[in-house]
Amino acid sequence: MSTSSGIDASFAGRAYPATRPYEVGREELREFAETVGAAHPAHSDPDAARALGYPDVIAPPTFAVKIAQMADRQFVTDPAAGIDYSRVVHGEQSFTHHRPIVAGDRLEAVLHVDSVREVRGTAMVTTRNEIRTVAGEPVSTVVSMLVVRAAG
Amino acid sequence: MSAPSAAPGRPAFADVEVGAALPARSVPVTRADLVRYAGASGDRNPIHWDERFARSVGLPDVIAHGMYTMALAGQLVADWAGDPGAVVSYTTRFTNPVVVDAEHGALVEIGGVVAARDEDARTVQVDLTVTCAGAKVLGRARAVVRLP
């Protein structure tokens, strides 16, 4: 069923197969940390990370969104979902970390479309990505609410 | 697993009281920062770097990625805790865009207050106040962090 914003509300409740493994690298974490002003050496120096009890350098708290947004594209860019990405703004974001993401992790995301709601032509779409290692260890739960503004 | 030991420069759970303020900071944001964040995060939406595109979809100008602002604000908590891996949850609403002028950029003001303590989990909840040009850009921004 299509809402008046053109979004197919029947996507609500859908779960997608796990994404292909995402390999987390030290240099990528160092670059992301530098970009967001995360100066702690645990992001760039494996010895500093080990001193805090981690096996290797760790990601800043919001890095998981990179993996979640990649997974979200399965839904957001699906023409059948009917989302005009040029009208999408970010409404809400939530992270629950079961443990920090660590360099060397091989992660997969399972995307769930938790809800599709619409108020006066503006749609609110909530996705949830359960990020886990390929061995099945839970790492992060990332919930994103996207607002699709009414066509002007 | 043993409890982490207190380390120099890290606040101890026992010493942190509800109502304690974290040191506030102001973070300048430029267009170049947004381009770097687009590259590092993979979020290449042109509303974050192309002024003409941003205006064509009804925005006042280029706006910062909400996730960039959220990341900057979360650093206040991660830096205070002294262990970025100790942030166990972090949530926010995006209430107003950070509009980034080509010449002058933007200035994001970040403050935080300890709002709750959990004795069993040895965590504290920090409520963040994040504004730009007088407007609240993050709403209900809160991080839960584990302390030694």
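Quick note on labels: first sequence line is chain A, next is B, and so on, each numbered from 1.
Taking each heavy atom of B/G42 and A/R73 in turn, the nearest pair found is O-NH2, 3.1 Å. Nearest heavy-atom pair across A/K66 and B/A40 is NZ-O, 3.1 Å. Taking each heavy atom of A/I58 and B/G85 in turn, the nearest pair found is CD1-N, 3.3 Å.
Proximity to chain B among residues 138-146 of chain A is not found for any residue, judged by heavy-atom separations below 4.5 angstrom.
A continuous path of Ile, Leu, Val, Met, Phe, Trp and Tyr side chains, each step under 4.5 Å between heavy atoms, connects A/V119 with A/V147, placing both in one hydrophobic cluster. One hydrophobic cluster, built from ILVMFWY side chains closer than 4.5 Å, holds both B/W80 and B/V87. Residue A/V36 is grouped with residue A/F95 when hydrophobic side chains (ILVMFWY) are merged at heavy-atom distances under 4.5 angstrom, including chains of intermediate members. The same ILVMFWY cluster, assembled from side-chain heavy atoms under 4.5 Å apart, contains both A/L29 and A/Y22. No path of Ile, Leu, Val, Met, Phe, Trp and Tyr side chains, each step under 4.5 Å between heavy atoms, connects B/W49 with B/I47, placing them in separate hydrophobic clusters.
Shown here is A/R20, whose CZ atom has no more than 12 heavy atoms of other residues, nucleotides or ligands within 6.0 Å. Crowding of B/R55 atom CZ: a count of heavy atoms from other residues, nucleotides or ligands under 6.0 Å exceeding 12.
For chain B, the option among A/E31, A/H97, A/H90 with the highest count of heavy-atom pairs below 4.5 Å is A/H90. When each of B/V27, B/N45, B/V144 is checked for heavy-atom pairs under 4.5 Å with chain A, B/N45 comes out on top. Chosen from A/P61, A/G91, A/A42, A/A59, the residue pairing most often with chain B at heavy-atom distances under 4.5 Å is A/G91. Heavy-atom pairs under 4.5 Å with chain A peak, among B/A78, B/G58, B/P84, at B/P84. Counting heavy-atom pairs closer than 4.5 Å to chain B, the top-ranked of the candidates A/A38, A/G37, A/S86 is A/A38.
Heavy-atom distances place no part of A/E28 under 4.5 Å from chain B, backbone and side chain included. When heavy atoms are compared at a cutoff of 4.5 Å, A/H40 approaches chain B solely by way of its side chain, counted from C-beta outward. Contacts of A/H98 with chain B are absent, with no heavy-atom separation under 4.5 Å from either backbone or side chain. Contact annotation for B/A86: only backbone heavy atoms (N, CA, C, O) come within less than 4.5 Å of a heavy atom of chain A. Of the atoms belonging to A/R99, not a single heavy atom falls under 4.5 Å from chain B. For A/Y54, the part lying near chain B is the side chain, with the backbone staying farther off; criterion is any non-hydrogen pair under 4.5 Å.
Atoms OG1 and CD, from B/T91 and A/Q93 in turn, are 8.0 Å apart once rounded to the nearest 0.5 Å. A distance of 11.5 Å separates OG of B/S41 from CE of A/M70, quoted to the nearest 0.5 Å. To the nearest 0.5 Å, the span separating CG on B/L138 from CD on A/E92 amounts to 12.0 Å.
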Taking distance alone, no hydrogens or angles, what donor-acceptor pairs closer than 3.5 Å link side-chain atoms of residues 59-77 of chain B to residues at least two apart or in another chain?
from	atom 1	to	atom 2	distance (Å)
B/D61	OD1	B/R31	NH2	2.9
B/H65	NE2	B/D43	O	3.1
B/Q75	NE2	B/D79	OD1	3.1

